[in-house]
Amino acid sequence: MAARSRVSGPRYRRILLFAGWNLVVTWWYEIALPKMGLARFAERTRSRRMQRIAQRFHGLAVELGGLMIKVGQFMSSRLDVLPPEITAELAGLQDEVAPVPFAELRELAEAELRAPLERVYASVCETPVAAASLGQVHRATLHAQDAADTGLRDVVVKVQRPGIGEIVAIDLAALRRVAGWLRRVRFISRRVDMPALVEEFATTSLEELDYRHEARSAARFAADFADNPRVAVPEIVWERSTRRVLTLEDVTAIKISDTAALRAAGIDPAAVAKEFATIMFDQLFTTGFFHADPHPGNMFVTPGRTSESGIGSNADWKITFIDFGMMGEVPESMLAGLRKLLIAVGTRDGSALVAAIGDIGMLLPSADIPELERAMTQLFARFGGMAVSELQHVDPAELQTFASEFGDFTRSMPFQLPENFLLVIRTTSLTSGVCTALDPEFNLWDSAAPYATQLLRAEGSNLLGDIAQQAVAIARVSLRLPQRVDRLVTRIEDGSIAVSTPNLDRRIAKLERTARRLWSAVLFGGLLIAGAVLSASHHVLGATLMALSVLPLLHTLFSGRGPR
């Protein structure tokens, strides 16, 4: 803790200033104004206010780089606790920054490899293939002896940005400080454990700084799909890889989102979409180890042999995955819940979906299970089975209203998504986006249905066991039902069940209005005194505070005149 407190500097202060100011603004609108009876005004301006906060953070992240871009990408997946205005604005935040001069990278790479680059590689292209917030990628070729030993000639070299370790340390220190602030805000702390989330985010970020971890992840991923002829993974040149330099096979091919190039190579984009979805489902629901950043820049389609028959005749193409810095792992306990969730989606069963969410461990005991089941059933009934192209024909007003109500309801539920499940949601969302870009008629629901059927067959014995357990549970409930009904009637007759009355409701409302007026009076006095004290040295600020004190004064004088 002492080490954290010593972190300082312009970057650290800039992050804290941004977070502190927006926390004050949020406190004013979400806590102060409702206590003054201005809840409707706060609610009416909330959407635009949240959007402005997200836009400002977007600009800050692009300017600072480092972990801030990844923080924005992480926040864009927090559909459980953040409003759609924020997640939508941050969804397009790209991990692209200005490249580092090659001379600086050369110095770092040579220090890591302990030799001049000319001795390590036959050639290195100084123009980067990609520049990201943590590292930069350049093409290179191996010397003849290394090429003979590895079977590779063309490679790519991923080099960490100089000084990125210090930047990450500063960013994490700032995030931990902000998390400590948020832990003291009740309406935030009761929904999400911010310090725990920051520590999980820190663990993932620090793993990305160790390229040996990425190399091991690539090797594990390749082993998981060794028997799948549709999946390819670049080979790692272990002798030319360290903690901050990674050398691997150059697998550049057709970008998975380039449908024109796919068709020109004789590859059907719709077939690629179907195969890609199947591969991603295998990762999420079978192996439990998955690529958590499957955006179009991290996948290529590598053509195979093409016959002379034309379009769709290339039968040996593969989907090649790259960049294994962000990987997700699902524990066995959650894997069983995810399989049940997929089966529920495939069968359009809202109740089973809620049960699966409970098995994953997302729901707290206070969750309104019947209401959540009703919402999920309504979701399936109205939009279940629709492809993106079909959703485009739905009345936009209806879609927006449903999305708003459903989003507000789910965010009000007492649950928090575990970090690894957030990665599952992010991965599923990116998968759907890639597949829809390849095939506008692609339907993720239909793609999940046959996979769910396979899981049902594979887990037939478990399913029979579940059915037997449910039958026993139903029998027990049926046997106890007459006694429970009798006890309920008895409690109603003896008055032990409390019943609300209109008179009591009016008294409670009167007390609430009195409390608000008292709070407004305290706020009025505080603003007035602060303005008077500051007016001597800061005239404008003092006058502003005294002017603002009129608002709580008016509320104190004229509010609370409701029905007696």
Side-chain angles (χ1 to χ4, degrees), residues 65-67 69-70 73-74 95-97 99-117 119-121 124-126 128-142 146 149-150 152 154-169 171-172 200-224 232-252 289-295 297-300 320-329 423:
L67 279 187
I69 289 179
K70 295 191 177 297
Q73 293 171 339
F74 173 77
D95 194 3
E96 291 291 337
V97 295
V100 175
F102 184 74
E104 298 180 23
L105 287 183
R106 172 188 285 272
E107 182 179 352
L108 185 148
E110 290 180 346
E112 282 288 304
L113 297 170
R114 300 180 180 180
L117 287 187
R119 284 177 51 191
V120 179
Y121 306 102
V124 179
C125 179
E126 296 188 5
V129 177
S133 57
L134 302 184
Q136 194 162 295
V137 181
H138 292 258
R139 284 195 171 92
T141 57
L142 296 178
D146 287 338
D149 292 341
T150 62
L152 304 174
D154 297 324
V155 296
V156 293
V157 183
K158 187 175 180 180
V159 185
Q160 212 168 88
R161 282 178 170 262
I164 191 62
E166 291 78 6
I167 291 175
V168 168
D171 291 352
L172 288 177
E200 290 171 355
F201 178 77
T203 300
T204 303
S205 301
L206 293 175
E207 285 178 350
E208 286 195 64
L209 287 179
D210 188 346
Y211 287 165
R212 295 170 300 185
H213 177 79
E214 179 177 345
R216 290 191 292 268
S217 295
R220 177 179 173 183
F221 188 90
D224 285 344
V233 178
E235 292 285 339
I236 306 296
V237 184
W238 294 97
E239 297 79 6
R240 298 291 181 260
S241 299
T242 68
R243 188 175 66 86
R244 297 195 290 174
V245 175
L246 178 62
T247 305
L248 61 161
E249 178 186 5
D250 187 355
V251 292
T252 305
F289 184 66
F290 61 94
H291 196 301
D293 197 23
H295 63 74
N298 283 341
M299 277 100 55
F300 296 110
T320 303
F321 290 79
I322 64 171
D323 194 351
F324 296 88
M326 184 184 294
M327 301 296 292
E329 189 164 5
L423 289 179

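All values reported here derive from a predicted model rather than from experimental measurement.
The minimum heavy-atom distance between Val251 and Phe300, with the atom names listed, is O-CD1, 3.7 Å. Contact detail for Ala115 and Val120: the closest heavy-atom pair is CB-CG2, 3.9 Å. Considering all non-hydrogen atoms of both residues, Gly163 and Glu166 come closest at O-OE1, 3.0 Å. The shortest non-hydrogen separation linking Leu152 to Glu235 is CD1-CB, 3.9 Å. Across all non-hydrogen atoms, the minimal contact from Ala219 to Trp238 is CB-CZ2, 4.3 Å. Here the shortest heavy-atom pairing between Pro162 and Leu105 reads CD-CD2, 3.9 Å.
Looking at residues two or more places apart in sequence or on another chain, you find no salt bridge (Lys or Arg N to Asp or Glu O under 4.0 Å) involving Glu249.
Considering only heavy atoms from C-beta on, Arg220 stays 4.5 Å or farther from Met327 through its side chain. The shortest side-chain heavy-atom distance between Leu117 and Glu110 falls under the 4.5 Å cut-off. Residues Ile167 and Leu67 have side chains not in contact (no heavy-atom distance under 4.5 Å, counting atoms from C-beta outward). Under the 4.5 Å side-chain criterion, counting only non-hydrogen atoms from C-beta, Pro234 is in contact with Phe324. Contact of the Leu246 side chain with the Ile236 side chain is registered, since non-hydrogen atoms from C-beta on lie closer than 4.5 Å. For the pair Asp323 and Lys158, the minimum side-chain heavy-atom distance is below 4.5 Å.
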Apply side-chain contact (heavy atoms from CB on, under 4.5 Å) to the pair Leu134 and Val168, showing each step before the final yes or no.
CA-CA 9 Å; Leu134 302 184; Val168 168; 4.3 Å; yes
Please determine whether side-chain contact (heavy atoms from CB on, under 4.5 Å) holds for the pair His295 and Asp293, giving the CA-CA distance in whole Å, both sets of side-chain angles, and the decisive distance to 0.1 Å.
CA-CA 6 Å; His295 63 74; Asp293 197 23; 3.3 Å; yes
Could you please spell out the steps behind the side-chain contact (heavy atoms from CB on, under 4.5 Å) verdict for Leu113 and Tyr121?
CA-CA 11 Å; Leu113 297 170; Tyr121 306 102; 3.9 Å; yes
List the steps and the verdict of side-chain contact (heavy atoms from CB on, under 4.5 Å) for Leu206 and Leu172.
CA-CA 10 Å; Leu206 293 175; Leu172 288 177; 4.2 Å; yes
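To the nearest 0.5 Å, the span separating CD on Glu208 from CD on Glu214 amounts to 8.0 Å. The distance from the CZ atom of Phe290 to the CE atom of Met326 is 10.5 Å, given to the nearest 0.5 Å. The NZ atom of Lys70 sits 4.5 Å away from atom OG of Ser133, with the distance rounded to the nearest 0.5 Å.
Atom CD of Glu104 is surrounded by more than 12 heavy atoms from other residues, nucleotides or ligands within 6.0 Å.
Between His291 and Phe221, the angle of the ring planes goes over 60°, which puts this pair in the perpendicular group of the 30/60° scheme.
Between the side chain of Thr247 and the backbone N or O of Val157 there is no donor-acceptor pair closer than 3.5 Å. Gln160 contributes a side-chain N or O that, together with a main-chain N or O of Leu209, makes up a donor-acceptor pair within less than 3.5 Å. Arg212 places no side-chain N or O within 3.5 Å of a backbone atom of Ser241 that could act as its donor or acceptor partner. With hydrogens and angles ignored, the 3.5 Å screen pairs no side-chain donor or acceptor of Gln136 with any backbone N or O of Pro128.
For the 3.5 Å distance criterion, the side chains of Arg240 and Thr150 fail to qualify, holding no donor opposite an acceptor.
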